[in-house]
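Here is the structure we will look at.
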Amino acid sequence: MNDILVYCELDGSRVADVSLELLSKGRSLADRLGVKLAAVAIGAGLDAVAAQVWPYGADTLHLFDDASLEYYTTQPHASALCKLIKEEQPQIVLLGATVIGRDLAPRISSTLRSGLTADCTALEIGDYEDKKSGERIENLLYSVRPAFGGNIVATIVNPYCRPQMATVREGVMPMNRVRSDNYEGTIVSHPIEQYITPADRLVRIIERHVQPKENKLKSAPIVVAGGYGMGSKENFEMLHKLAHLLHGEVGATRAAIDAGFSTHDRQIGQTGLTVRPKVYIACGISGQVQHISGMQDSGIIISVNSDPDAPINAIADYVVTGRVEEVIPKLINFYQQKQ
Amino acid sequence: MKLNIIVLAKQVPDTRNVGEQAMNADGTINRAALPAIFNPEDLNALEQALQLKEANPESKITVLTMGPYRAADILREALYRGADEGILLTDRAFAGADTLATSYALAAAIKKVGHYDIVLCGRQAIDGDTAQVGPQVARELSVPQVTYVRRIVSLNEERIIVERSIENGVERVEAPLPLLLTVDGAADACRPANAYRLLRFHRAATPTERASEGYRYEAQISADEALRLKEWSLADVDGDAARCGLSGSPTKVRKVENVVFRAKESKRYTAADEDIKSLIGELLSNHTIG
């Protein structure tokens, strides 16, 4: 049977969270289809990768391990993956909707002339009826994604071309350890010279600067987020104070970041991070669809807004109608008192 | 150095600020009510082209867009800002294209343009946000791609050095020409329209527009080649109809749903002290916080 293949993105020899999330999803799709789940990792010094992927359900791991592959460049990865896909004939290929996944996946889909759906928020298996031919195709991948600035959600299928490809955003799917730590699957090491040619190596990285993430927004149990309605960078400082007090993190809308109140690494929404904290405190956020799609699954939503009819209030559990400059210091103050 | 630069641009509905006038009574979006704009990151790409042209004045910037007749508006906008030539790729055969079919058609048009050194486009368009068309065009042309470009650092006849965004950082990459670059929103914003160019090029028109009623500049356009926007069909770019539009699209839309958020029963508070105290009290007692 045709397997499901997950491309594992690497940070050194550490498998990225988004890839473990994809393996978890891939595992459940594979079980649904009765097929195997394979992972592929391309990089340098990959001995530690296997132990990271088995717990999340991979049956097989394909390795392309060579010193020359230490950092990602498009063509070596595209060539290795295209050839592997031709050999293995997976029915589904999943990648993270990261800078790397969004660079690599379209290149591969174009080479294989296969359909690709970007930035999916859900993956399901289902049937498809071709209205033109009347043909019914079973067990297709449904790739569900927001479009049109998050105002619509489309379910995309790829009925006739294989593999069915999708990229999925980080943090959208839960990570599930389904196997014990001592499980071992099958490792297949591929000789890279049979996959990657010198012509693939024309693009060269000459300098690289990476800063570790400064915030733990993705995993924070409490998120205090500010929108354009915060009014200023100084007012945003109040959110940092409140977040600190509640042991939470500060998030922001794109509008607030565009206005210079906060930084890009804190952006929550369709083009930023997807978060699902236990508590989400939305301050001065009106609730554009783009933003709501990145936080709607939060446990308890508290909205502080001067506009009683702000769209975000419709999905909030608690609504405080008032100016943020007034309400937030009071929240801080009374919380400190009561505690 | 004389560079031939092609900029790919798309006319998109402005999905960023969906105001009340664009909402239907049932909370769904009325797409027709959204203004059609030059895709924002394609403007970042155009700016990179204009900077290259400033440094290499012999260069030529051709802007290529695929879309309906009205997409000629963004070609004029590109001319106002400094582009040299505009091409509208338009044909009913292109309708319903997914990214793969779109990239095939654009690549066919680029091949028809002929010699090029750099193809520039925005990282993604705001109506679909897929970021797929750039890399797919590069593959179709068999040239390297560098995506998420912030800045062109340097360039000679054979090689280019660019700075690109990566996850939590930046990277400097050296690549051979010709190639395709996708430019992201962190790059320089595009310069505004130049007043003199606006006065001159608002007369620019496609053959279809020239033939339409109400076009008033026939005398000028017949005397000035620079005002003539090109309009290419599938046949003009020697395209294969089977690879275009719906028939060339492996992905099919099975279902589209409007996003309607389920409303909750919310508890309402004012900014008064007693209200905030009671809210904090409730949040602490039900262990939401604390």
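Letters go in sequence order (proteins before strands), and every chain restarts at 1.
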Do the non-hydrogen side-chain atoms of [X] and [Y] ever get within less than 4.5 Å of each other?
X: B/E167; Y: A/D11; value: no
X: A/I302; Y: B/L283; value: yes
X: A/I222; Y: B/I289; value: yes
X: A/L116; Y: B/T130; value: no

Using non-hydrogen atoms only, which part of [X] is less than 4.5 Å away from chain B: side chain, backbone, both, or neither?
X: A/T321; result: both
X: A/N313; result: both
X: A/E129; result: neither
X: A/Y142; result: side chain

Inset, instruction - Flag the one option from A/K338, A/R113, A/K278 with the top tally of heavy-atom pairs under 4.5 Å to chain B. - result: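 That would be A/R113.
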Legend entry - Top contributor to chain A interface from B/D98, B/L100, B/V253, B/I161 [non-hydrogen pairs under 4.5 Å]: B/L100
Inset, instruction - Heavy atoms only, distances under 4.5 angstrom: which of B/K267, B/R254, B/R243 has the most pairs with chain A? Name it, please. - result: B/R254
Legend entry - Donor-acceptor pair, side chain of A/R208 and main chain of B/G169, under 3.5 angstrom: no
Inset, instruction - Give the minimum heavy-atom separation between A/V203 and B/P144, together with the two atoms involved. - result: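 In terms of heavy atoms, the two residues are closest at CG2-CB, 3.8 Å.
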Legend entry - Side-chain donor-acceptor pair present, B/E282, A/Y318, cut-off under 3.5 Å: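 Side-chain D/A pair, B/E282 to A/Y318: present.
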Inset, instruction - Measure B/D275 against the heavy atoms of chain A and call it side chain, backbone, both or neither at under 4.5 Å. - result: neither
